[in-house]
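The structure appears below as structure tokens.
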There are 2 protein chains.
Amino acid sequence: MPDSEYRDIRKLDLFAQMADDNFTSLMRGAYVQNFPAQIELITEGEPSDFLHIVISGSVDLFSTWNGRETSMATVRPISTFILAATIKDAPYLMSARTLEKSRIALIPSQDVRAIFDADMNFARAVVTELAQCYRSVIKAQKDLKLRTSLERLANYLLRQQRHAGGAAAFELSFEKRRLASVLGMTPENLSRAFKGLQPYGVSVTGTRISIDNQADLERFAKPNPLIDDFST
Amino acid sequence: MPDSEYRDIRKLDLFAQMADDNFTSLMRGAYVQNFPAQIELITEGEPSDFLHIVISGSVDLFSTWNGRETSMATVRPISTFILAATIKDAPYLMSARTLEKSRIALIPSQDVRAIFDADMNFARAVVTELAQCYRSVIKAQKDLKLRTSLERLANYLLRQQRHAGGAAAFELSFEKRRLASVLGMTPENLSRAFKGLQPYGVSVTGTRISIDNQADLERFAKPNPLIDDFST
DNA sequence: CAAATCAATTGATATATGTCAACCCGTCGG
DNA sequence: CCGACGGGTTGACATATATCAATTGATTTG
């Protein structure tokens with residue numbers, strides 16, 4: 001693993017505070033691999049042998065049941081996924097596939113559990129990270145249960161706008177069919193939802209979104225930190 | 001706090017392995033209180049000053065947005081709630097109200113965080129509990145996004161049946177309007193959904209459910225451990 | 001006991017969302 | 001350049017779900 005990657009991983013909240021030799025020993029057992037796009041990295045139901053870290057590229061977490069499929073989340077550099085399964089030594093609840101060419105680090109789960117017991121700072125970081133993940137899913141659940149698809153899209157656009165720096169125009173960070181799945185609707189419906197937001201000053205050209213009337217959209221979307229603020 | 005309650009709390013997975021004096025010191029700062037039914041214990045958005053433990057009765061976790069409300073989960077004895085907010089020292093994401101007369105223990109959040117740093121076994125238990133909570137929400141999310149309301153009800157009944165011991169007939173553990181909210185539908189729709197399951201051998205009288213054709217219902221519901229098995 | 005209350009149900013209807021088929025329009029490879 | 005392909009869009013339609021209003025039936029309360 002190149003030195004710069006090593007240092008980038010070290011900087012993750014999860015690893016930043018732990019003792020040097022514990023981090024080194026975690027990394028010693030780690031693999032780093034490049035994957036092409038559209039590769040299924042893990043499959044739900046399988047045992048969780050590795051904690052995964054996305055170094056570059058992006059990964060889609062999705063689930064299937066009875067022939068249907070839904071996108072649960074997207075993982076972008078640099079962050080980890082399936083920490084909970086690793087900690088519990090339980091089967092994956094979600095599958096993961098690369099969305100593009102990606103570089104992934106794999107840390108054996110048993111090493112993570114061992115270091116967890118040995119390093120108080122790491123343990124604290126794991127707990128904080130898990131609590132964060134938990135709260136994110138609760139927010140997503142509230143979004144799903146309390147809002148219509150139009151409201152979900154409106155709030156998604158506001159979040160994305162903020163994430164992109166706050167300018168009136170910005171790019172969607174992934175293709176619309178996947179956005180539809182993340183938001184819990186069909187691609188056709190998403191297309192109509194974009195039209196449904198036109199009266200509130202939203203215009204779309206390809207992946208480029210422009211919010212022409214910020215106040216109007218916010219009045220409609222009614223964003224709420226307890227649902228839309230991912231930092232708390 | 002009566003000795004029997006003290007011992008019951010001690011037996012919770014979260015506290016079972018920790019050192020005696022750490023547990024004692026946690027409990028020293030704790031309050032125990034009796035609440036009547038329909039009391040709002042916590043309100044979403046407020047700071048998380050206490051970790052709560054339901055000793056008897058039951059508590060509804062719910063959320064609101066824009067005048068709508070949805071039930072997120074029910075907490076029954078003996079277990080804790082809002083662990084994640086306590087650990088992160090972040091605002092509650094859900095409100096909680098007693099469903100019936102309930103006895104609740106309150107442990108100051110800062111004590112929990114302090115003992116977490118001091119007791120490795122407690123830390124490990126907290127992580128396991130959080131990972132469990134996280135996975136439960138992921139399952140709930142899959143349930144919501146991948147299934148229709150009829151399928152959700154069918155699988156709920158199968159889970160409830162198993163929880164009640166597996167007999168063909170059993171009681172719903174709470175009122176239908178709340179069940180509807182938990183399943184993400186209106187009470188009217190739940191009523192129709194019960195009718196929709198009649199062809200699969202489900203009959204309902206008040207809160208009593210009878211599954212007359214187990215195989216038929218399961219063939220329709222297609223239960224899946226990665227969604228419906230709460231233990232893993 | 002009678003009145004009031006509230007959960008549950010039912011029917012009629014409106015709205016939201018999904019499905020299917022067709023089409024448009026870029027991109028990519030021969 | 002052409003044609004195949006795939007994502008996106010659109011329209012027509014079907015289905016799922018919510019809403020509203022009315023009724024029932026059980027429970028509570030004065």
Side-chain angles (χ1 to χ4, degrees), chain A residues 36-38 60 65-71 97 99-101 143-157 171-199 202-209 220-221, chain B residues 36-38 60 62 65-71 74 97 99-101 143-157 171-199 202-209 220-221:
Chain A
Q38 305 300 335
D60 182 35
W65 177 80
N66 193 27
R68 299 166 213 166
E69 176 180 321
T70 189
S71 253
R97 74 162 75 89
L99 287 169
E100 52 191 311
K101 197 164 166 306
D143 193 44
L144 264 179
K145 290 185 77 175
L146 290 168
R147 289 172 170 163
T148 66
S149 59
L150 201 59
E151 291 163 343
R152 289 201 295 280
L153 176 59
N155 281 290
Y156 175 85
L157 292 180
E171 298 282 329
L172 288 178
S173 57
F174 45 64
E175 52 177 357
K176 290 181 185 167
R177 54 172 35 238
R178 252 173 34 74
L179 175 57
S181 183
V182 168
L183 293 177
M185 52 177 138
T186 57
E188 293 94 329
N189 233 320
L190 175 62
S191 209
R192 290 172 190 126
F194 273 122
K195 286 205 165 164
L197 289 182
Q198 274 176 12
V202 174
S203 46
V204 186
T205 333
T207 59
R208 185 150 195 86
I209 308 293
F220 170 74
Chain B
Q38 305 301 334
D60 183 34
F62 65 100
W65 177 80
N66 194 25
R68 299 167 210 164
E69 175 179 322
T70 189
S71 252
T74 304
R97 75 162 74 90
L99 287 169
E100 53 192 308
K101 198 165 164 306
D143 193 44
L144 266 178
K145 289 185 77 176
L146 290 167
R147 289 170 170 164
T148 66
S149 59
L150 201 60
E151 290 164 344
R152 288 201 295 279
L153 176 60
N155 280 291
Y156 175 85
L157 292 180
E171 298 283 329
L172 288 178
S173 56
F174 43 65
E175 52 176 358
K176 290 181 186 166
R177 53 173 33 237
R178 252 172 34 75
L179 174 57
S181 184
V182 168
L183 293 177
M185 52 179 136
T186 57
E188 294 96 327
N189 232 321
L190 175 63
S191 209
R192 292 172 188 125
F194 273 122
K195 285 203 165 163
L197 289 181
Q198 274 176 12
V202 174
S203 46
V204 187
T205 333
T207 60
R208 185 151 197 85
I209 308 293
F220 169 74

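Below, each value reflects all heavy atoms present in this structure, side chains not excepted, and no hydrogens, waters or symmetry copies. We name chains A, B, ... by the order of the sequence lines, and we start the count at 1 in each one.
- Sorted by first and then second residue, the side chain to side chain donor-acceptor pair (under 3.5 Å) pairs with a member in residues 183-196 of chain A form an empty list; sequence neighbours excluded.
- One interatomic measurement links the two molecules: CD of A/Gln198 to C1' of D/dT10, which rounds to 13 Å at whole-angstrom precision.
- Remark: B/Ser71 OG to B/Arg97 CZ distance equals 7.0 Å, nearest 0.5 Å.
- Applying the salt bridge (charged side-chain N to carboxylate O under 4.0 Å, His left out) test to B/Glu171 and every residue at least two apart in sequence or in another chain returns B/Arg208.
- Closest approach of B/Leu99 to B/Arg178, counting heavy atoms only: CD1-NH2, 3.1 Å.
- B/Leu144 places its CG atom 15 Å from the C1' atom of D/dA16, with the value rounded to the nearest Å.
- The CG-C1' distance, from A/Leu179 to D/dG7, rounds to 14 Å in whole Å.
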Contact pattern, 5' to 3', of nucleotides 5-24 of chain C - B, S or - by protein heavy atom under 4.0 Å: --SSSBBB----SBBB----
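- At distances below 3.5 Å, at least one donor-acceptor pair connects side-chain atoms of B/Lys176 with backbone N or O atoms of B/Gly206.
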